[in-house]
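A short write-up of the structure that comes next.
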Amino acid sequence: MDPKNLTRVSEFHLLGLSDKPELQPILFGLFLSMYLITVLGNLLIILAVSSDFHLHTPMYFFLSNLSLVDIGFTSTTIPKMLLNIHTQSKVITYAGCITQMCFFILFAGLDDFLLTVMAYDRFVAICHPLHYTVIMNPRLCGLLVLVSFIMSALVSLLQCLMVLGLSFCTDLEIPHFFCELNQMTQLACSDNFLNNIVLNLVTVLLAGGPLGGILYSYSKILSSIWAIPSAQGKYKAFSTCASHISVVLLFYGTILGAYLSPASTHSSKSSATASVMYTVVTPMLNPFIYSLRNRDIKGALRRLSGWQVNKG
């Protein structure tokens with residue numbers, strides 16, 4: 001590549017989901033509503049868990065951390081998208097793009113690891129119920145969250161440093177509504193072979209490792225549930241995992257759908273539309289999944305609202 005064709009990048013252009021002017025108000029209203037629901041729903045989960053001592057257990061400790069991560073995950077992309085629609089601008093600075101990408105990878109990794117930790121928690125609760133409080137002690141729970149954060153931060157740092165080493169030409173249009181790692185790597189004019197190798201390797205490790213751990217945990221869980229003699233006992237044991245299974249299926253299903261579907265493979269615009277499912281829809285639905293069928297959460301929310309009314 002001729003060095004003269006390279007330029008010191010100052011900004012990128014996010015093309016968004018659609019360039020049709022008549023769709024912009026609809027997109028703005030839709031994503032603003034979804035963002036507010038996501039933030040409010042996850043904040044209510046955090047408040048319910050922190051204010052109710054009945055929920056001061058490992059399962060709800062991990063759930064409150066997942067809700068906090070989901071708020072950060074959505075806040076990394078949607079506010080900038082809404083600002084661009086409102087100002088009718090597609091510009092994002094180079095520093096802003098790199099920062100957005102780093103935090104997106106961080107929160108995506110945390111989501112991934114926390115779902116795995118929650119699967120391990122359910123495995124211990126069902127397969128080793130007599131030793132649950134001993135094994136899942138506060139120190140281990142805090143350590144699991146800390147390790148998840150450190151690993152996600154290291155992955156994010158590695159990917160961002162590798163992107164910082166790339167050179168970009170004058171074509172700086174990203175066919176997405178946020179600075180997605182793969183799209184940025186493809187825009188580079190310098191050799192991105194090593195970046196692609198690392199990206200694929202990290203993707204396999206981040207997707208395969210935690211997902212393998214989740215599948216192993218649930219294989220043991222199902223074996224234990226199957227051995228329970230009474231149907232009521234089986235239902236009670238399975239009901240403690242139902243919400244987590246739903247969130248796992250939603251998270252991994254939408255990611256695989258976004259990146260493995262034929263449409264997204266051939267069209268960057270289709271990929272951007274599909275990615276809305278795991279970047280916006282999944283974090284928005286998680287609080288509903290965990291609260292609608294969970295008596296403890298619903299009871300805590302009722303007590304929280306009653307306390308606020310009495311206080312007012």
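The chain is numbered in sequence order, starting from 1.
For the atom pair CZ of F73 and CD1 of I78, the computed distance is 10.0 Å after rounding to the nearest 0.5 Å. Taking CG of D121 as the reference point, atom CG of L140 lies at 9.5 Å (rounded to 0.5 Å). Note: K220 NZ to S223 OG = 6.5 Å, rounded to the nearest 0.5 Å. Within the model, atoms CD of E180 and OG of S275 stand 7.0 Å from one another, a figure rounded to the nearest 0.5 Å. Note that the CE atom of M184 and the CG atom of L199 stand 12.5 Å from one another [nearest 0.5 Å]. In this structure, the separation between CG on L181 and CD on Q186 is 9.5 Å, given to the nearest 0.5 Å.
A pairwise comparison of heavy atoms in T240 and R122 identifies O-CD, 3.4 Å as the closest pair. Considering all non-hydrogen atoms of both residues, M59 and Y132 come closest at N-OH, 4.0 Å. Heavy-atom minimum distance, Y278 versus T282: CA-OG1, 3.6 Å. Shown here for P58 and C141, the closest heavy-atom pair between the two residues is CB-SG, 3.6 Å. Looking at every heavy atom in both residues, L14 comes nearest to F177 through CD1-O, 3.8 Å. Counting all heavy atoms, side chain and backbone alike, S18 lies closest to L27 at CB-CD1, 4.2 Å.
Atom CE of M151 has 12 or fewer heavy atoms from other residues, nucleotides or ligands within 6.0 Å. The neighbour count for F149 CZ, taken as heavy atoms of other residues, nucleotides or ligands under 6.0 Å away, does not exceed 12. Under a cut-off of 6.0 angstrom, the local environment of CD in Q88 is sparse, with at most 12 non-hydrogen atoms contributed by other residues, nucleotides or ligands.
No continuous path of hydrophobic side-chain contacts links I228 to I221 [ILVMFWY only; heavy atoms under 4.5 Å]. V163 and F193 fall into different hydrophobic clusters, where Ile, Leu, Val, Met, Phe, Trp and Tyr are joined by side-chain heavy atoms under 4.5 Å apart, directly or via other members. Under the 4.5 Å side-chain heavy-atom criterion for grouping Ile, Leu, Val, Met, Phe, Trp and Tyr, F251 is connected to L249 within one hydrophobic cluster. The cluster map of Ile, Leu, Val, Met, Phe, Trp and Tyr, joined by side-chain heavy atoms under 4.5 Å apart, puts M118 and I135 in the same cluster. A single hydrophobic cluster is not seen to contain both L158 and L154; linkage of ILVMFWY side chains at heavy-atom distances under 4.5 Å, directly or through other members, places them apart.
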Tell me, with the steps shown, if L205 and V202 meet side-chain contact (heavy atoms from CB on, under 4.5 Å). CA-CA 5 Å; L205 291 176; V202 169; 5.7 Å; no

Pair V145-V117, side-chain contact (heavy atoms from CB on, under 4.5 Å): steps then yes or no: CA-CA 8 Å; V145 172; V117 168; 5.7 Å; no

Going through the checks in order, is the side-chain contact (heavy atoms from CB on, under 4.5 Å) test met by M81 and L17? CA-CA 10 Å; M81 176 190 182; L17 296 174; 3.7 Å; yes

Take E11 and L172 through the test side-chain contact (heavy atoms from CB on, under 4.5 Å) and record every step on the way to the result. CA-CA 8 Å; E11 61 185 33; L172 302 176; 5.7 Å; no

List, one per line, each side-chain donor-acceptor pair under 3.5 Å for residues 103-111, sequence neighbours excluded.
none

Please list every donor-acceptor pair under 3.5 Å in which a side-chain atom of residues 89-97 meets a protein atom from a residue at least two apart or in another chain.
| unit_1 | atom_1 | unit_2 | atom_2 | d |
| --- | --- | --- | --- | --- |
| S89 | OG | V91 | N | 3.2 |
| T93 | OG1 | G96 | N | 2.9 |

Show the atom names and distances, to 0.1 Å, of all donor-acceptor pairs under 3.5 Å that link a side chain in residues 207-218 to residues at least two apart or in another chain.
| unit_1 | atom_1 | unit_2 | atom_2 | d |
| --- | --- | --- | --- | --- |
| S217 | OG | G213 | O | 2.9 |
| Y218 | OH | H244 | ND1 | 2.7 |

For residues 29-49, run the donor-acceptor check on the side chains, cut-off 3.5 Å, and write out each pair with its distance to 0.1 Å, sequence neighbours left out.
| unit_1 | atom_1 | unit_2 | atom_2 | d |
| --- | --- | --- | --- | --- |
| S33 | OG | G29 | O | 2.8 |
| Y35 | OH | S75 | OG | 2.8 |
| T38 | OG1 | M34 | O | 2.7 |
| N42 | OD1 | S67 | OG | 3.3 |
| N42 | ND2 | T38 | O | 2.8 |
| N42 | ND2 | P283 | O | 3.2 |

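Counting heavy atoms from C-beta on, the side chains of Y252 and D112 come closer than 4.5 Å. Taking the side chain as every heavy atom from C-beta outward, I245 and V248 never approach each other to under 4.5 Å. Counting heavy atoms from C-beta outward, L66 and F62 have side chains that stay 4.5 Å or more apart. No side-chain heavy atom of K80 sits less than 4.5 Å from a side-chain heavy atom of F178. Between C179 and I98, the closest side-chain pair of non-hydrogen atoms is not below 4.5 Å.
In this structure a side-chain-to-backbone donor-acceptor pair under 3.5 Å is present from Q100 to T76. Checked by atom type and distance alone, the side chain of S239 pairs as donor or acceptor with a backbone atom of K236 at under 3.5 Å. Distance alone, capped at 3.5 Å, places no donor-acceptor pair between the S291 side chain and the I297 backbone.
Applying the side chain to side chain donor-acceptor pair (under 3.5 Å) test to residues at least two apart or on different chains, the pairs with a partner in residues 45-62 are D52-H54, D52-R303, Y60-N294, Y60-D296.
Not a single side chain to side chain donor-acceptor pair (under 3.5 Å) links H128 to another residue, sequence neighbours left out.
Of the candidates T185, N195, N192, M162 forms a side-chain contact (heavy atoms from CB on, under 4.5 Å) with just one, namely N195.
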